[in-house]
Number of protein chains: 2
Amino acid sequence: MEKEEKQIKPVPEPTLRRLPKYINILTKLKRESVQFVSSNTISEELGLDSIQVRKDLSLTGIAGKPKLGFNLDELLHSLYHTLNWDNINDAFLAGAGSLGSALLGYKTFKTYGLNIIAAFDNDPEKIGTTLNGIEILPVEKLTGMIQRMHVNIGVITLPADEAQTVTDMMIDGGIKAIWNFAPVHLKAPKDILIENAQLSQSLGVLTHKLAEKLKSNPL
Amino acid sequence: MEKEEKQIKPVPEPTLRRLPKYINILTKLKRESVQFVSSNTISEELGLDSIQVRKDLSLTGIAGKPKLGFNLDELLHSLYHTLNWDNINDAFLAGAGSLGSALLGYKTFKTYGLNIIAAFDNDPEKIGTTLNGIEILPVEKLTGMIQRMHVNIGVITLPADEAQTVTDMMIDGGIKAIWNFAPVHLKAPKDILIENAQLSQSLGVLTHKLAEKLKSNPL
DNA sequence: TAGATTGTTAATCGATTAACAATC
DNA sequence: TAGATTGTTAATCGATTAACAATC
């Protein structure tokens, strides 16, 4: 076991979900021209444990300086790199409804490594129009274009009953990863990466906890 | 320790996040007039472990029948009840941008126990208009209306730099829970429930895993 | 040097998974 | 009855937290 070869530990998913929070707060501190930041400062801002912050940060491969903390620029770079947000991944979006359109309007996605280069829909009214400079194309072209353009990420903002069909089309085209907003479980081969972003999951946690809270403390 | 008093175990958060998935698949089965369903059927449909499904379901307080499985209607009811989706919680939304507008258009939220009854914005162009029958009011009215109408849930779909101010206004009015889509950590007293629904968290998991995947298996 | 902060190793906690008894 | 499925108790696994040594 040589010291030389940097031991790469997998980054646990809970940690991955916290990294964007670190980026948020560090970006704010950067605007205030802060140069070094301690795990304690971060943990206080985010209501986390400072040990956890240190553990999370160490998983991105950065080293801090005792007594000083972490160099802000280095740290941000390390976080961006771990999330692969220092690369830009091209993506296709399927379903130009209201949520889809909202996502097409998000210019900040490029900061998050995501570049939606075209959208697909089957509504003739929408096809041919553009949103935020992104053209809306007929769904029939989806498979072929993924193939030709080697697009890796598909974003699904379709109604439940259309999501699986379009998923299959994406997979046929050779998509590698799907970001799914449709309220269904998508079936796909194991080697296709599926990340669900259903609002219902988060909402369920909220409504359940609220009910518990009101039960123990009515009014 | 009497057998009588139903022992109420807290429902772990990972379980809560799976419950909506069960509802999805069970609702589909109900449309197909299925009456009983086994934990195995559910686990196969969702790519989960059947033991986990049984454990999750038992936490909602339902009992299945050996050899038969779970009564579909009872099970759905039990799931809805655990999430408190058999009640309707009134909510105010702040920030009628594209994401906010998309949420205002979601009629299905009522199935998820959420009823957005008014929206707030500070854009004079938007104030006074309605979206999906929901009126957009000036932000100044937010605190007072939460107070008067005893609204428990606030939905925040504002830009990062406005989110904390409006959060404070909601808390002043007596809000109990906040569903936060803004890419910031909201500061609030411990007794205020905050559930974050930031897209960046989910996207970060996707982009990180995709990078790992491409590293080990380029093209 | 003393003190603050990092970073690692160990302990704890909680969720998942396994084993198996209970029941229709 | 035999077989399938539930449901509980125990084992495992992984993430969080604690303890403490290392270092500037």
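Just so we're on the same page: letters track the sequence lines, and every chain starts at 1.
Atom CG in B/L59 sits about 10 Å away from atom P in D/dT8, given to the nearest Å. Rounded to whole Å, the distance from NZ on A/K9 to P on C/dG7 is 12 Å. Across the protein-nucleic acid pair, B/D56 atom CG and D/dG7 atom C1' stand 13 Å apart, rounded to whole Å. Atom CZ of B/R54 and atom C1' of C/dA22 are 12 Å apart (whole Å). Here the P atom of nucleotide C/dT6 and the CZ atom of A/F70 are 5 Å apart, to the nearest Å. If you take CG of B/L68 and C1' of C/dA22, they are 16 Å apart, rounded to a whole angstrom. Computed from coordinates, the B/D49 CG to C/dA18 P distance equals 6 Å when rounded to whole Å. Here the C1' atom of nucleotide C/dA4 and the NZ atom of A/K65 are 15 Å apart, to the nearest Å.
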Contacts table for residues 44-55 of chain A: side-chain donor-acceptor under 3.5 angstrom, sequence neighbours left out:
{"residue": "A/E45", "atom": "OE1", "partner": "B/K187", "partner atom": "NZ", "Å": "3.2"}
{"residue": "A/D49", "atom": "OD1", "partner": "A/I51", "partner atom": "N", "Å": "2.8"}
{"residue": "A/R54", "atom": "NH1", "partner": "A/S39", "partner atom": "OG", "Å": "3.1"}

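Side-chain proximity of A/I51 to the nucleotides D/dT17, C/dT5, C/dA18 is greatest for D/dT17. Residue B/P66 places its side chain closer to C/dT23 than to any other of C/dT6, C/dT23, D/dG7. Minimum atom distance to the side chain of A/K67 is reached by C/dA4, of the listed C/dA4, D/dT6, D/dA15.
When heavy atoms are screened at a 4.0 angstrom cut-off, A/S50 is found touching no nucleic acid atom at all.
The partner of D/dT23, taking Watson-Crick or G-U wobble pairs whose two distances both stay under 3.5 Å, is C/dA4.
For the residue pair A/T15 and A/D56, a side-chain donor N or O sits within less than 3.5 Å of a side-chain acceptor on the partner. Between the side chains of B/W85 and A/T207, at least one donor-acceptor pair of N or O atoms lies under 3.5 Å.
Ring orientation note: the planes of A/H77 and A/H81 are close to parallel, at an angle under 30° on the 30°/60° scale.
Heavy-atom nearest nucleotides on DNA chain C were determined for A/G69 and for A/K55, and the one closer to the 5' end corresponds to A/G69.
Here B/S38 does not reach the OP1 or OP2 of D/dA4: none of its side-chain N or O atoms lies under 4.0 Å away. Contact check, A/R18 against D/dT16: a side-chain N or O comes under 4.0 Å of OP1 or OP2.
Proximity of A/Y106 to B/L199: side-chain heavy atoms (C-beta onward) are separated by under 4.5 Å at one or more points.
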